[in-house]
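What follows is a short report on a single structure.
Just so it is clear: chains get the letters A, B, ... in the order the sequence lines come, proteins before strands, and each one is counted from 1.
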Number of protein chains: 2
Amino acid sequence: MAHKPRKEMIAETRAKLVSAARQAFGTAGYAEASMDDFTAAAGLTRGALYHHFGDKKGLFEAVIAEIDAEMNERLCAVSAKATNRWQGFVDESVAYIEMALEPEIQRIMLRDGPAVLGDPSQWPNANACISSMTRSLTILKEEGRVGDIDPEAAARLVSGASLYAAQWIANADDPAATSKKAVKAFKTLLNGLLAEKG
Amino acid sequence: MAHKPRKEMIAETRAKLVSAARQAFGTAGYAEASMDDFTAAAGLTRGALYHHFGDKKGLFEAVIAEIDAEMNERLCAVSAKATNRWQGFVDESVAYIEMALEPEIQRIMLRDGPAVLGDPSQWPNANACISSMTRSLTILKEEGRVGDIDPEAAARLVSGASLYAAQWIANADDPAATSKKAVKAFKTLLNGLLAEKG
DNA sequence: ATAATTGCATACGCTGCGTATGTCAACTAT
DNA sequence: ATAGTTGACATACGCAGCGTATGCAATTAT
């Protein structure tokens, strides 16, 4: 009776591994995170890891997919709250900068992720953020709110600027002041996308 | 007679190590580059590496400093050619995107660099590019050509957007077409910095 | 009940890094 | 000139971490 169904046990094991790995990757970093260590912290061994995820990179991908989904959800919530679509886009972009200040996101998504898995735009399970940004821009373009630019290109430029800015802010002597400067410059830059000066 | 002066031999050894490492880091990547392998390729051993650079990261920093210097030189040449300062800034930024398409720069400066050494804005010997961009923007601001934004913040946003765009372009199915879209969107974005719509 | 499958652990070998040590050539001083 | 010193690099060793091969026990299928 005390037996849980099999599927549940397996899902639990996977979740434990992802969680422990996320913790380790987020703090120590991918290269420095020892598989022996964090599997043990989850009460398991590397055997379980190789069984479920193939290798260290496989588990890393799972962690990334999880975080990406969370980020996307948060960003959607932000843009949904805005009064108009352009404002929603701006808010979303700024929120993106702010999320990039979180150490876990910075380390896993922005630093180790690209180094280990390559170009983020090629990640299979993690592009929800970019896609939703692109969608927003597509509509804004149709509405004539923004000029004649490729929405995906703009979305990528914006997210690139954001994450770079975030790194800079996070490591600055005075993050709060730096953040102000960055956000202001960022909004100014975004105005370039508008069809008419706002 | 056949003896070269000591200093020269040492400089040669260092140069050989940097060159071999640059080659290995640029193709295999930092983590996959075996110190035994690429020191051997230079006709040396790891002993020489540890003697001169302390560790693998130390050598990596030297490689980065070298590449950064080259990039800066190229960027200066571009902006020097322009007819006016704003145009020079735009050209420089676009040139930055184009440079980021080179596999070596992409791999070493944009991917492995940040992952291994952390935030690029904190690198000791490698910020020549950003500094010169910041200088250009400072002057443009004084001239009233661009609006009231923090020059360094803008420079970082721009370079972030550039390198992210470059990665995207380099991995696209049709790099040429993607590049066109990206550069157009990029120039549009830059217009946001202008005090008046150009 | 027995066979087959599967989830995970254990055991082994290999690679690659860092350090400690050794060695020989080149500069220095008398 | 020669003895001593420094410094440039090689060699040797130990250790951690990854991947694979193997083992085992519990579930599922027949």
Heavy atoms of other groups near B/Lys141 NZ, more than 12 under 6.0 Å
yes
Quick check, are the ring centers of B/Phe60 and B/Phe53 under 6.0 angstrom apart?
no
Taken to the nearest whole Å, CG/A/Leu59 to C1'/D/dG19 is 15 Å
Mind running salt bridge (charged side-chain N to carboxylate O under 4.0 Å, His left out) on B/Asp150 and A/Lys184 for me, showing each step along the way?
CA-CA 8 Å; B/Asp150 184 75; A/Lys184 185 178 179 189; over 6 Å; no
Scan residues 49-58 of chain B against DNA chain C and write down, sorted by residue number, each residue with any heavy atom closer than 4.0 Å; if none is found, say none.
B/Tyr50, B/Lys56
So if I take residues 15-22 of chain A and measure heavy-atom distances to DNA chain D, which residues fall below 4.0 Å?
none
Does the side chain of B/Thr13 get closer than 4.0 angstrom to OP1 or OP2 of D/dC9 through an N or O atom?
yes
From the list D/dT20, D/dA12, C/dG16, which nucleotide is the closest neighbour of the side chain of B/Arg46?
D/dA12
Among D/dC9, D/dC18, C/dC8, which is the nearest nucleotide to the side chain of A/Leu44?
C/dC8
Considering only residues two or more places apart or on different chains, which pairs with a residue in residues 48-58 of chain B satisfy side-chain hydrogen bond (donor to acceptor under 3.5 Å, both in side chains)?
none
Among C/dG18, C/dT10, D/dG17, find the nucleotide with the atom closest to the side chain of A/Thr45.
C/dT10
Donor on one side chain, acceptor on other, A/Gln87 and A/Asp91, under 3.5 Å:
yes
How long is the line joining CG of B/Asp36 and P of C/dC17, in whole Å?
7 Å
Counting the benzene-type ring for Trp, do B/Tyr164 and A/Tyr164 have ring centres under 6.0 Å apart?
no
Classify the side-chain pair A/Asp36/A/Ser34 by whether it contains a donor and acceptor separated by less than 3.5 Å.
no
